[in-house]
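See structure below.
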Amino acid sequence: MAGLETTGSNPDVGLLYDINGLTATAPDWVDRVVTVAGEYGLILALVLLTVWTWWRVRRTDCREEAAGAVAAVVWAPLAAGIALLVNIPIRGFVGRPSPAEQHRGIEELVAVRGDFSFVSDHATLAMALAVGLFIAHRRAGLAGIALAVLLGFSRVYLGVHYPTDVIGGLALGTAVALLLSPLASALLTPLTKLIARSAKVGRLVWSPKGTRDEAGSVEQEQEQEQEQEQGRERQEDGVRQESGAVGVSRRRDRDLAA
C-alpha cells in the first residue's frame, strides 16, 4: 500500500524536485561522481573508517577500556545488518514506489531494482554504522554521521529516494544502533575481554602504546616468581643440609666422648 503522500503538494515531493533538479545544470562529471559515491563510494568510506576506528581504539594502555571500545566497533556493522533486516517488513508494509514511478521529470541516474522506496537501505545502513562508531570513538562517529548524511543527500540527487525515505533511514539506523547498544555491549564486551587476555590473538583487541604488552609483562612476572620460588627452595635445601651436617657432627662428638 502507498502509505505516504506522493502528490506535488507534498513538501517532500517539492524538495525531491529541487535536489534532483540540480542534475539538469550540473556537469556530467558531477553526476558520475555522485553516482559512484551514492552507490558504493561512501559505503566503502564508512567501512574503511570502521577499520581505522578498530585500529585506533585498541591502542591504549588500559585493557578494559580497549575491550569495551572494540566491542562497540564490532557492534557497528552488526547494528547495520540488524537495521537492514528491520527495514524489510517496513518497506513491504508502506509499499511506496520509487519517485520516478510516481512523478514526471525525475532524472533517475541509477537503475532501480523495482524495490519499494521507503525506507532507504543505504541511509539505514550508513547511519547505523556511523552511530555504532560514535559509541566507540566520538570523532570517528561524527565523521561517519557526516558521511551518512552525505550519502542520504546523494540518494535524493540520484532520483531513487524521496527526502523522507532518507530521513526515515537515518532515524531507523540511529534507533537500532542506540537502543540495542546496551544489550550488545553486555554480550560482546566479555568476549573481547577474553580475547584481550590471549597471548596469541590478544592484539586484535588490545595493543598498548608501549613497547611491551601485558601478556609479555605477565610472562616476565611469572618467570620472576618461579625464579624466586626456586631460590627459596634452594635456600631451604641448604638449611636442611646444614642442619643435617650439624646433627652428624654432634653424634660424632658424642661417640668420641663415650
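Note that these values count all heavy atoms, side chains included, but never hydrogens, waters or copies made by symmetry.
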Could you pull out the closest heavy-atom pair between [X] and [Y], with the gap in Å?
X    : Y    : answer
P97  : S117 : O-CB, 3.4 Å
L16  : P99  : CD2-CB, 3.6 Å
T189 : A71  : OG1-CB, 3.6 Å
R138 : I135 : NH1-O, 3.4 Å
A177 : G132 : CB-N, 4.2 Å

Interatomic distance, [X] atom [atom1] to [Y] atom [atom2] [nearest 0.5 angstrom]:
X    : Y    : atom1 : atom2 : answer
T53  : R139 : OG1   : CZ    : 10.5 Å
F134 : L178 : CZ    : CG    : 9.0 Å
H137 : L49  : NE2   : CG    : 9.5 Å
T192 : E64  : OG1   : CD    : 9.0 Å
Y162 : S98  : OH    : OG    : 7.5 Å

May I ask you to check if R58 and W55 form a cation-pi contact, with NZ or CZ under 6.0 angstrom from the six-membered ring centre and within 45° of the axis?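 Here R58 passes the 6.0 Å and 45° test against W55.
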
Before you tell me yes or no, could you show the steps for T60 and W206 under side-chain contact (heavy atoms from CB on, under 4.5 Å), namely the whole-Å CA-CA distance, both residues' side-chain angles and the distance that decides it to 0.1 Å? CA-CA 7 Å; T60 176; W206 184 51; 4.2 Å; yes

Run the numbers on Q102 and R96 for side-chain contact (heavy atoms from CB on, under 4.5 Å), then give the verdict. CA-CA 10 Å; Q102 295 291 314; R96 188 185 205 184; over 6 Å; no

With a 3.5 Å cut-off and sequence neighbours excluded, list the donor-acceptor pairs that the side chains of residues 140-160 form with protein atoms.
from: S154; atom 1: OG; to: L151; atom 2: O; distance (Å): 2.6
from: R155; atom 1: NH1; to: G38; atom 2: O; distance (Å): 3.3
from: R155; atom 1: NH1; to: E39; atom 2: OE2; distance (Å): 2.5
from: Y157; atom 1: OH; to: D31; atom 2: OD1; distance (Å): 2.6

Hey, quick one: are [X] and [Y] part of the same hydrophobic cluster, counting side-chain heavy atoms closer than 4.5 Å, chains of contacts allowed?
X    : Y    : answer
V51  : L133 : no
L188 : L194 : no
L129 : V119 : no
I82  : V74  : yes
V33  : L44  : no

R91 and T124: side-chain donor and acceptor closer than 3.5 Å?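 Not at all, the side chains of R91 and T124 share no donor-acceptor pair under 3.5 Å.
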
Is it the case that the side chain of [X] and the backbone of [Y] share a donor-acceptor pair, with hydrogens and angles ignored and the cut-off at 3.5 Å?
X    : Y    : value
N87  : L84  : no
S120 : V166 : no
W54  : V70  : no
S185 : S181 : no
N20  : I106 : no

Report yes if some heavy atom in the side chain of [X] is under 4.5 Å from a heavy atom in the side chain of [Y]; otherwise report no.
X    : Y    : result
L187 : L191 : no
I90  : F93  : no
V131 : V176 : no
L42  : L46  : no

